[in-house]
Amino acid sequence: MKEMIRTATCGDLQEKHLGTEVVLNGWVHRQRDHGGIKFIDLRDRYGITQVVVEPDSAAALLKTAAELRFEYCIAVKGLVRNRPKEMVNPQMPTGAIEVKVTDLVILSRSQVLPFMIEEKTPAKEDLRLKYRYLDLRSLSMQKNLFLRHQVAFAAREYLVNQGFYEIETPTFIKSTPEGARDFLVPCRLLPGKFYALPQSPQLYKQLLMVAGFDKYFQLAHCFRDEDARGDRQPEHTQIDMEMSFVSREDVFNVVEGLMRHIFKKALGRELEVPFERIAYDTAMDLYGTDKPDLRFELTLKDFNNPAAQSDFQVFKKIVEQNGAVKALVAPGCGHYSRKMIEDLEETAKTYGAKGLAWIKVTEQGLEGGVSKFFTEQSRSIIKHLSAKPGDLILLVGDTRKTACTALGAVRSKLGADLGLIKKHEFKFVWIIDFPLFEWNAEENKWDPAHHMFSMPQEQYLDSLEKDPGSVKGDLYDLVCNGVELASGSIRIHDPELQKRIFSIVGFSLEEAEIRFGFLLEAFKYGPPPHGGIAPGLDRLVMLLAREDTIREVIAFPKNTVGASPMDDCPSPVNQEQLKELHLKLIPPKED
RNA sequence: GGGGGCGUAGCGAAGUUUGGUUAUCGCGCCGGCCUGUCAAGCCGGAGAUCGCGGGUUCAAUCCCCGUCGCUCCCGCCA
């Protein structure tokens, strides 16, 4: 057998290689057999090169070439030559040349594939995941994972240059009571005890600050046992970071620089910094969400005054009871049919609205829907809302939060339906001034809005207990195109302040001692002021790749029920394993 | 826990509203022809318990009930 060691890849042959003898390895991507001459598109991760088997080749070569099928893994030796002038393919990076095959070896054969390897396969996701190793051969997945690699590398490069240390924290940690459901790992050596997989390295990175590693980062795997969505699955990766002796502004600076560097390196695109900032209350008021998509304008308007002055009892009552009536002007939607408006109403109802009232704006004034309650005010309403003839005014009245959220969802739908979204833009925004606590109506108590270690803003320090609902935290989210990309805060490093927070959320000192004793203990030994943030790597890459789900940028993702169709995970374990772990299964209830 | 969508050859879809002979199309697969294609082309062929179970009916891919799987969303996700 002759030497068939790869000397070039399928992406790098150019006209400068003309006349050289090369050996390529790769997969048969496509074949075009003309009876005499035969073309093979040979593919590897670097690209595709056309190799040609000519009819006057040796009989053995012709025989082997005839055996080739899709995705056979082969080696070819041949001469790089120009294609005939008319046959140059300008669509292909290697389209000026081809390789005339002098030798061909089948390294391995492939069965008939469950789906074709294409730029982007039309096969259903379930099937793609079952044969993920084939799916990953597609150009789109190759591109996405390369992009992910570039983003991860750029993140490391930037942070290391900023003086950050990359430090790993444990994967088996203590289960914490707040937040998402933990994934648990039973402990064989300590019967009845469990590790938890980290929802984030939160406590450990704070301890690293106590230890004096004042700039830390980690590409951390995080685990949350909650239902999946397009932008979340049971395990994800965060660019986790924490810094000592910093304010929110320092964190913003680092993250803006980080995003700039990533965009530059991965997309070759300049990002404008600093990013816009919007207070949480304002975001809810204008966009009805704490992760607004700013690629289109459309904002919610206050409608309390017209509602209070109208004879529309439903709205009047809502205003009297301290609720809110919000308005959204759908531009040019005055022609919407009953059915189309009902469609929007469904969206509003999904988010808790009881209904969606509407009014059409015409040259004459207000028409249809609930317009009869507002005839006297029509002129001032049109002015207040900056509405134009042909527009459709949509109204939701409810508690402030529900009215905003529901109409915000309608805003998002309209943005998509009306094609208002500027798809090629990346609109970053910091959401700041989050409330520190939120009222838990079911249990009649205050809950931490994020987590218990976030610092209240200074001006609220004296009045924490008096009016927890009004306290803003030193909390911030980074949002891009309607996706929550990162979440962080300045942390509490004062044990006394920490105790006050525990007490407000009804967390006894005993309980705190059991759960976070080690952190409170650490804070007795000169903890530095510190804060941090954690951009989600999967979501960031998803945005950069312009994909709709993070599963498109994860090599081996789980499906929406947290399973992997490829390896059939999770799977049952045998009795012996359970016994060693001191576990007994309780069959699921049937009812 | 709740709501919407989907399930028809290996893959992607049509057909189901209004039940009726042999379930249609493209890709792939098999065979043949073909010396410049690049989604090659042309000719021929094979391939389907219409997700599964039950019901209604002379007759069910189609209607009804149940069930399973996937997917999108609400809840949940500090």
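Sequence lines set the chain letters: A, B, ... in the order given, protein chains first and strands last, and positions in each chain run from 1. The shown structure was predicted, so the numbers you read here are calculated from the model rather than taken from an experiment.
For the pairing with A/Y476, the side-chain contact (heavy atoms from CB on, under 4.5 Å) check across A/I533, A/I431, A/D433 returns one residue only, A/I533. Here the options are A/E71, A/Q142, A/E118, the test is side-chain hydrogen bond (donor to acceptor under 3.5 Å, both in side chains), and the partner is A/R137; only A/E71 passes.
Side-chain atoms of A/R83 come within donor-acceptor range of the base of B/C38, with a qualifying N/O pair under 3.5 Å. With hydrogens and angles left out, the side chain of A/R128 and the base of B/C11 share no donor-acceptor pair within 3.5 Å. Taking 3.5 Å as the limit, the base of B/C77 and the side chain of A/D227 contain no donor-acceptor pair of atoms between them. Judged by atom type and distance alone, A/R232 reaches the base of B/C77 through a side-chain donor-acceptor pair under 3.5 Å. Evaluation of atom-type donor-acceptor distances gives a pair under 3.5 Å for the side chain of A/R81 against the base of B/G36. Put simply, the side chain of A/R229 and the base of B/G75 share a donor and an acceptor less than 3.5 Å apart. Side-chain N/O atoms of A/E98 and base N/O atoms of B/G36 include a donor-acceptor pair closer than 3.5 Å.
Between A/H451 and A/F453, the ring planes lie tilted relative to each other; the angle falls in the 30° to 60° range. Between A/H530 and A/H493, the ring-plane angle classifies as tilted under the 30° and 60° cut-offs. A/F434 and A/Y280 have tilted rings, their planes meeting at an angle from 30° to 60° on a 0 to 90° scale.
Side-chain N/O atoms of A/K38 include none lying less than 4.0 angstrom from OP1 or OP2 on B/G36. The phosphate of B/C70 has OP1 or OP2 within less than 4.0 Å of a side-chain N or O from A/N559. Of the side-chain N and O atoms in A/R32, none sit less than 4.0 angstrom from OP1 or OP2 of B/U37.
Here the P atom of nucleotide B/G26 and the CD atom of A/E118 are 16 Å apart, to the nearest Å. At whole-Å resolution of the value, CG in A/D33 and C1' in B/A40 are 10 Å apart. One atom, CZ of A/R181, and another, C1' of B/C76, lie 7 Å apart when rounded to the nearest Å.
Once the 5.5 Å centre distance and the 30° plane angle are applied, the aromatic ring of A/H34 is found stacked with the base of B/A40. Look at A/F39 and the base of B/U37; the rings stack, centres closer than 5.5 Å and planes less than 30° apart.
Nearest nucleotide to the side chain of A/D41, out of B/C38, B/G28, B/C6: B/C38.
Scanning residues 45-67 of chain A for heavy-atom distances under 4.0 Å to RNA chain B yields A/Q50, A/E54, A/P55.
Outside the 6.0 Å centre-distance limit, the rings of A/H29 and A/F70 are not counted as a close aromatic pair.
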